[in-house]
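Take a look at the structure below.
Since the structure is predicted, the reported quantities are computational estimates derived from the model, not experimental observations. Values reported hereafter were calculated over all heavy atoms of this structure, with side chains retained and with hydrogens, waters and symmetry mates removed.
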Amino acid sequence: MPTDVRDSAFVARALRDIALYLELKGENAFKVRAYNLAADRVLAVGERLADVVREGRLAELPNIGQALADKVVTLHTRGTLPLLEELRASYPPAILALLELPDLGPRKVAALWTSLGVGSLPALEEALRQGRVRGLKGFGEKSEAKLLAGLEQYRSAHARRRLGDVLPVALALRDELARAPGVVRIEVAGSVRRFCETVSDVDVIASAAEAAPVLEALAQRPGVATVLGKGDSKCSVRLQDGLQVDLRVLPDEDFATALHHFTGSKAHHVRLRGRARDLGLTISEWGVFRGEEKLAVPEEAALYRLLGMAYVPPELREDAGEFEAALAGTLPTDLVEPADIQGAVHAHTTWSDGRASLLDMARAAAARGLAYLTITDHSASAGYASGLSAERLRQQWQEVDAVQAQVPQVRLLRGLEVDILQNGALDLPDALLEQLDIVIASVHVRHGQDADAMTARVLRALDHPCTDVLGHPTGRLLQRREPSPLRMEEVFARAAERGVALEVNGNPERLDLHAAHVRAALSAGCRLVAGVDAHDTASFANVDYAARTARKGGARRSDVLNTLGTEAFLTALRERHPRRGRRG
DNA sequence: GCCGTTTTCGGCCCGACTGTTTTCAGTCG
């Protein structure tokens, strides 16, 4: 039985399903919340869930008492739970899908099921078309139309979107609305601001004396397909590609608290509100209050000061330990940020599958003010990417030298993204690898190996004396390919032991390592590089995604090797390989 | 179902918006 079916994601999913069924049953809302909070907690434990279960430490976790601890153990060890089976058996199998529709919550789904026997999306559509829904208490003609539209919407765009697809749209929208009449401050909030790797919509918060003109600017904007709702302070629209945008406009004195409120996460806010209660304060999007008195909160930082805590940057607001750290004053103040990155690590050129020449890449790196650029094309076995043979790699060095003479502003480093072969060996001879400034070792083929084989393969690559960096460690492609079944704890431990840095790959389709892995890698003592995985000149912008993903995982500037200047970076790599870097 | 230097019982964040309402319930974030 593969262990990964019962990992933390599986257990969390089961707990959330139980919560949904309990809502359908009309159970106590706080009981429902308890299951959801437990699911959050299990996910936060991540890779170590198996350890926590084995050592019987579940009930020590916040929000997990003895009853839930027992259920998690059963889910983890047996893959199911009597309670869950019972709940599933009392409803049609596809009923939970109904809850995915907008404006359809547990109460209404329960009504549809008990009154009409509607328990699936197709059954709902049929009932709607027969006009049977509108007669139901709480439903009318508008509900009918909305649900039909919702079914359509569900089919086309119910999946979450990758941050990389949404962030540019959100920032452009913000900059455009910033020019609407009377806007004082405006910012993107929500999961986009928290830099979550996938997001479901865009939240924008603005301040202005008059809300109406700003709301109107969004409603009238080209590219808006539907205005979903519009009130005195809020406007929701759906763009032509299906992306939902929620805009809220408030007086400037409320901007900071609103921005904070709509940035979330919910879990982070629950902690803050508990703290506020202890101090005799209440927090809402309208402000921080002591009794009737509204306290001034000109900036988000002021809100945290009122709570006697250090400021928590948006990326960290996930209740992943940041609350306790901010309270204790141990939250790092030197978290890495994009501007700290001095060198572009992991770049391809037309020598392999890059779309820009070595010269163009060097010029683009110089234009971005980068101090160095690692030329790391693919190695021979990556035939699909025109990987370099030993001979072609040597030829490339001549061009590196020639381009270096033409573009002296940026230091070009000889490198290679060498394939980790199926058995864990590296693709080119050691004698060649030893002459490089930097070797990134990556898995590109045979992702389907089982956990034992894949882990052994990567550990062997980490043991290779020439490996400097493990590239995109899990190989996942967001929404397209699952991470390989590596035992990450073992990978992190070995990488720390061998001094191999782990890449935080900033390609928006990868974001690999992701933030939770970054956190685990750091506590294992690993070093990181923020990789751009550039295949053209535009993808130097990936440095933002890499740095902010590392930041979300709690990485400090000193944890990321390419925050160092050129010589210090090379020294850091050579610490492990004294023989490296001798040019032949 | 969880939690506790106010509580082992009685809280648990809360406001905006919408539609079906004639005073409010449900959904959403």
Check the distance between [N]'s [atom2] and [X]'s [atom1] and give it to me in whole angstrom.
X: A:L68; N: B:dC2; atom1: CG; atom2: C1'; answer: 8 Å
X: A:R277; N: B:dC12; atom1: CZ; atom2: P; answer: 6 Å
X: A:H269; N: B:dC13; atom1: NE2; atom2: P; answer: 13 Å
X: A:F30; N: B:dG1; atom1: CZ; atom2: C1'; answer: 12 Å
X: A:I64; N: B:dC3; atom1: CD1; atom2: P; answer: 9 Å
X: A:R273; N: B:dG15; atom1: CZ; atom2: C1'; answer: 10 Å
X: A:L22; N: B:dG1; atom1: CG; atom2: C1'; answer: 10 Å
X: A:L81; N: B:dG1; atom1: CG; atom2: C1'; answer: 14 Å

Considering only atom [atom1], compute the distance from [N] to [M] and round it to an integer number of Å.
N: B:dC13; M: B:dT20; atom1: P; result: 30 Å
N: B:dT8; M: B:dC14; atom1: P; result: 22 Å
N: B:dC12; M: B:dG19; atom1: P; result: 31 Å
N: B:dT6; M: B:dG1; atom1: P; result: 28 Å
N: B:dT21; M: B:dT27; atom1: C1'; result: 16 Å
N: B:dG15; M: B:dG10; atom1: P; result: 25 Å
N: B:dC28; M: B:dT22; atom1: P; result: 23 Å
N: B:dA16; M: B:dG11; atom1: P; result: 24 Å

Specify the residue among A:A69 and A:S143 whose closest nucleotide of DNA chain B lies further upstream toward the 5′ end.
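Nearest nucleotide further toward 5': that of A:A69.
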Determine the sole option in A:R519, A:K552, A:R271 for which the salt bridge (charged side-chain N to carboxylate O under 4.0 Å, His left out) test with A:E318 is passed.
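Answer after filtering A:R519, A:K552, A:R271: A:K552.
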Students often get this wrong, so: under 4.0 angstrom with heavy atoms, is [X] touching a base, only sugar-phosphate, or nothing?
X: A:E23; answer: nothing
X: A:D232; answer: sugar-phosphate
X: A:E144; answer: nothing
X: A:S233; answer: sugar-phosphate

Presence of A:T282 side-chain N/O under 4.0 Å of B:dC13 phosphate oxygens OP1/OP2:
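Answer is no, no contact under 4.0 Å.
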Within the pair A:W286 and B:dA16, is there a side-chain N or O less than 4.0 Å away from OP1 or OP2?
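Yes, such a contact exists.
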Nucleotide by nucleotide, nucleotides 21-29 of chain B touches protein heavy atoms under 4.0 Å in the pattern (B base, S sugar-phosphate only, - none) -----SSSB
Is there a Watson-Crick or G-U wobble partner for B:dT8 with both distances under 3.5 Å, and if so, which one is it?
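Partner of B:dT8: none.
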Any donor-acceptor pair under 3.5 Å linking the side chain of A:R162 with the backbone of A:E509?
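Here the side-chain-to-backbone pair does not exist.
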So, does A:S265 use its side chain to make a donor-acceptor pair with the main chain of A:H268 at under 3.5 Å?
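Checking the backbone N and O of A:H268 against the side chain of A:S265, a donor-acceptor pair under 3.5 Å is found.
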Electrostatic pair [X]-[Y], nearest N-O below 4.0 angstrom:
X: A:R248; Y: A:D232; result: no
X: A:D544; Y: A:R548; result: no
X: A:R510; Y: A:E197; result: no
X: A:E315; Y: A:R193; result: no

With a cut-off of 6.0 Å (strictly less than), are more than 12 heavy atoms of other residues, nucleotides or ligands near CZ of A:R132?
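Yes.
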Kindly indicate whether a cation-pi arrangement holds for A:R551 with A:F195, taking the cut-offs as under 6.0 Å to the six-membered ring centre and within 45° of the axis.
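No, a cation-pi geometry is absent between A:R551 and A:F195.
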Listed nucleotide nearest any side-chain atom of A:K146, set B:dC2, B:dC12, B:dT18
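It is B:dT18.
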